[in-house]
Amino acid sequence: MDISYIINEYAEERDDYFRAIAPPIVQTSNFAFKTVDDLRKSFEDEYSTWLYSRGLNPTVEILRKKLAALDGAEDCLVFNSGAAAIFAAVLANVKSGDHIVCVRGVYAWARKMFEVILPRFNVTHTYIDGTSIENFAAATQPNTTLYYLESPNSWTYELQDLKAVAQLAKQHNIITICDNSFCTPIYQRPCEYGIDLSLQSATKYIGGHSDVIAGVLSGSRAMMQRIFNSEYLNIGSGIQPFNAWLLIRGLRTLPARLDRITQTTWKVIDYLKQQPLVEKVIFPFDESFPQYTLAKQQMQGGCGLLTFVIKADDAETIELFCNTLKHILMAVSWGGHESLIIPGCSARPKDAFNKNDTSHRMLRLYTGLEEPAYIINDLDRAFEAIKK
Ligand SMILES: *Cc1c(COP(=O)(O)O)cnc(C)c1O
């Protein structure tokens, strides 16, 4: 299906609502039935009826159909956060005694689930370097039921060869989940490589305006139905109609925003590479990136996240750099209109700083929708401030 069609028309039954261009926000908790028989049918199969908005809702339905189509998947569920999508996807596919192989560097709340919650239910995990397929084979145990991937991750951007991992998993009856937040389905569709479940934080690029928290989980119709009837309804973390409406609105401009952000990112990278105080720039589509070839093969774009390593002898220099920025905001998340930065050293105590460890000198930058010169001038001012 054509991306423009999905975003602008698909799943919008405008005849049902006055031919309005923007769909209605069906802000209702419940739906009324005309006959007992209709109600009975709904109880029997909530996944195909309007019963209660913890389950299906017409505004959410428009969004679900569009997002599944963008992912090249049969179906999808939209959650009240990316974290909820991760939780439901994993919980639905493990039982006591199972083992998960997870790539290193995945989103912090996925790790917390593996490290804090799942061990209480006797589900174990092994972290591996996912850049090599051999490491998956080596870590797979007889009780491994899940491979958890994130390609690329959101700090150092290591990739997994999605097609190869999906193939290996199928040989062992292992379910694969891939966090696709970095790319969005515009730039990478894991299900098309054979990955069972693709998820993303819609808080980032889909929402695109830093005003809504949401998550998407896509896969086969059978898997989505199973998760809907259990984890989705039980955890009660489905997206609310107004937030779904905001995401539909975000989708309208998604490709245009990604385009613009990508162009700006390259300008910022060019600037950073000629800046003497920058030791290294990490970005999957940069030729210096170790998995550059794989990135070009399985992703259509990279967009706004990049990491650079600054030359600094102490944490104070990095702090001065960040504190000097006037327009690039210091905040978590990304994918909105505004450029953002996070220094790696903010996640550890000041006295733990070790200048010989490059990860301590990393700064993650997200380039937003501002004019490129506005972002670059801000960076330039901060570099001036730390020049000796
Ligand atoms: C933000 C993020 C999530 C979690 O999404 P929320 O919408 O914040 O719950 C998951 N994975 C990645 C890679 C993220 O960046």
Side-chain angles (χ1 to χ4, degrees), residues 60 63 67 71 76-91 100 102-117 127 130 147-160 162 176-188 190 195 197-218 231-232 235-240 242-244 246-247 250-251 254 258 261 282-284 299 301-307 329 331-336 338-342 344 347 362 364-368:
V60 177
L63 177 65
L67 289 170
D71 261 323
C76 94
L77 292 170
V78 192
F79 292 81
N80 211 25
S81 70
I86 294 171
F87 200 84
V90 173
L91 202 66
I100 298 168
C102 175
V103 300
R104 245 175 244 144
V106 297
Y107 187 62
W109 290 98
R111 293 206 303 273
K112 289 201 185 173
M113 177 179 196
F114 299 141
E115 292 166 17
V116 179
I117 299 178
Y127 290 126
Y147 286 166
Y148 188 90
L149 318 173
E150 185 175 318
S151 186
N153 70 42
S154 60
W155 257 96
T156 44
Y157 317 113
E158 283 86 1
L159 317 181
Q160 296 93 59
L162 297 180
T176 43
I177 301 178
C178 181
D179 185 331
N180 192 36
S181 300
F182 181 94
C183 279
T184 82
I186 304 293
Y187 287 155
Q188 177 172 270
I195 298 294
L197 290 163
S198 177
L199 64 86
Q200 62 177 315
S201 166
T203 310
K204 311 293 162 56
Y205 289 121
I206 308 273
H209 296 76
S210 300
D211 53 12
V212 55
I213 303 272
V216 188
L217 178 66
S218 294
E231 288 76 16
Y232 187 86
I235 301 171
S237 55
I239 193 167
Q240 295 296 302
F242 178 60
N243 282 352
L246 285 174
L247 293 189
L251 279 180
L254 178 65
L258 295 189
I261 291 166
I282 310 172
F283 185 66
M299 297 154 57
C303 219
L305 272 192
L306 65 96
T307 296
L329 304 174
V332 297
S333 197
W334 40 278
E338 77 292 8
S339 292
L340 298 170
I341 199 157
I342 311 182
M362 282 180 185
R364 192 191 70 182
L365 180 67
Y366 164 69
T367 42

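Just follow the structure's listing: the first ligand is 1, and inside any ligand the first atom is 1. Computed from heavy atoms alone, side chains included, the values below leave out hydrogens, waters and symmetry copies.
- Residue Tyr107 holds the heavy atom nearest to atom 8 (O) of ligand 1 of all those in Trp109, Tyr107, Phe87.
- Within the 3.5 Å criterion, the main-chain N or O of Val106 finds a donor-acceptor partner in the side chain of Arg111.
- With hydrogens left out, the protein atom closest to atom 11 (N) of ligand 1 is Asp179 OD2, 2.6 Å, a heavy atom.
- Atoms of ligand 1 lying under 4.0 Å from any heavy atom of Ser181, numbered from 1 in the order shown and given with element: 11 (N), 12 (C), 13 (C).
- Distance from atom 6 (P) of ligand 1 to its nearest protein heavy atom, with residue and atom name: Gly82 N, 3.3 Å.
- Between Leu67 and Cys76, the shortest heavy-atom contact is CB-SG, 3.8 Å.
- Not a single N or O atom of Glu150, backbone or side chain, sits closer than 3.5 Å to an N or O atom of ligand 1.
- With 3.5 Å as the limit, one finds no donor-acceptor pair spanning the side chains of Gln200 and Thr184.
- Among all non-hydrogen protein atoms, the one lying nearest atom 7 (O) of ligand 1 is Thr203 OG1, 2.6 Å.
- Considering backbone and side-chain N/O atoms, Ala83 comes within less than 3.5 Å of an N/O atom of ligand 1.
- The distance from ligand 1 to the heavy atoms of Ala214 drops below 4.0 Å at these ligand atoms: 7 (O).
- Taking the ring centroids of Tyr157 and Phe182, they lie under the 6.0 Å cut-off.
- Of all protein heavy atoms, the one lying nearest to atom 15 (O) of ligand 1 is Lys204 NZ, 2.6 Å.
- For ligand 1 and Trp334, the ligand atoms under 4.0 Å from any heavy atom of the residue are 15 (O).
- Here the side chain of Tyr232 pairs no donor or acceptor atom with the backbone of Ala85 at under 3.5 angstrom.
- Although no hydrogens or angles enter the test, the distance criterion places a donor-acceptor pair under 3.5 Å between the side chain of Gln160 and the main chain of Glu150.
- In this structure a side-chain-to-backbone donor-acceptor pair under 3.5 Å is present from Tyr205 to Gly304.
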